[in-house]
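The chain is numbered in sequence order, starting from 1. Atoms within each ligand, like the ligands themselves, are counted from 1 in listed order.
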Amino acid sequence: MLLRNSIYRKHTMIANIQRLIVIIICLNLTVFSVLNEAKVFSKCDLAKELGKNGISRTFYGHWICLANAESGMNTTKINKLPNLTSSYGIFQINSKEWCREGRKGGKCNMKCEDFLDDDLKNDIDCVKKIQMQYGFNGWSVWQKKCKGKELPDISKCNA
Ligand SMILES: *[C@@H]1O[C@H](CO)[C@@H](O)[C@H](O)[C@H]1NC(C)=O
Ligand SMILES: *[C@@H]1O[C@H](CO)[C@@H](O)[C@H](O)[C@H]1NC(C)=O
């Protein structure tokens, strides 16, 4: 009787540990998938991404100031505007001209929602087109908060 009891207890203990392990794995997966999607960039991380995607170092300060002013460097930011368009992602790319909601389109031939992940390659490819057409003046926030202002100091970033 005593022996059977202790075997039983051992079994429930093992079952509980197994349950706990499953719960921990699930929690980790959830947290990881959230982290993997949304990202708030630091200015040095953003500088690195700009470099990787062919932006000249001369302009890092302008792009970082712009991303900070537009989205707080938050890749998941969506801003629904009163004129019934929306702006997406770290550089707030607008759905009127540059992308389409729910399917590929616009001048960047992109789905707007694809600008919300932490992979900035497609965002940067698109903002290069915007900049080629309008310069930084294509972002009214840049005119207000970055043009002629002191730009973020990236001299200490090793990018
Ligand atoms: C980033 O933006 C999303 C969507 O607006 C928001 O839910 C989230 O809290 C923001 N993250 C941070 C760290 O500000
Ligand atoms: C709506 O506003 C955004 C941001 O100012 C602008 O880029 C876009 O062209 C506007 N859309 C329309 C339809 O006027």
When the side chains of residues 130-138 are checked against the rest of the protein, which donor-acceptor pairs come out under 3.5 Å, sequence neighbours left out?
residue : atom : partner : partner atom : Å
Gln133  : OE1  : Lys107  : NZ           : 3.2
Tyr134  : OH   : Glu97   : OE1          : 3.3
Tyr134  : OH   : Glu97   : OE2          : 2.9

Is it the case that Thr85 and Asn94 place a side-chain donor and acceptor less than 3.5 Å from each other?
-> yes

When clusters are formed by joining ILVMFWY residues with side-chain heavy atoms under 4.5 Å apart, either directly or through shared neighbours, do Val141 and Phe59 land in the same one?
-> no

Linking I/L/V/M/F/W/Y whenever any side-chain heavy atoms sit under 4.5 Å apart, do Val127 and Leu81 land together?
-> no

Report yes if Lys96 has an N/O atom closer than 3.5 Å to an N/O atom of ligand 2; otherwise report no.
-> no

What pairs of residues pass the disulfide (SG to SG under 2.5 Å) test when at least one of them lies in residues 113-144, not counting sequence neighbours?
-> Cys108-Cys126

Taking NZ, NE, NH1 and NH2 as the nitrogens, is one of them in Lys121 or Asp125 under 4.0 Å from a carboxylate oxygen of the other?
-> yes

For ligand 1, would you mind listing the residues that have at least one heavy atom less than 4.0 Å away, ordered by chain and number?
-> Val40, Asn74, Thr76

Atoms in ligand 2 flagged as close to [X], the criterion being non-hydrogen separation under 4.0 Å:
| X | value |
| --- | --- |
| Leu81 | 2 (O), 3 (C), 4 (C) |
| Thr85 | 1 (C), 11 (N) |
| Asn94 | 3 (C), 7 (O), 8 (C) |

Please collect all ring pair (Phe, Tyr, Trp, His ring centres under 6.0 Å) contacts where either partner lies in residues 85-119, sequence neighbours excluded, each pair once.
-> Trp63-Phe91

For Leu46 and Phe41 the tightest heavy-atom approach is N-CD2, 3.8 Å

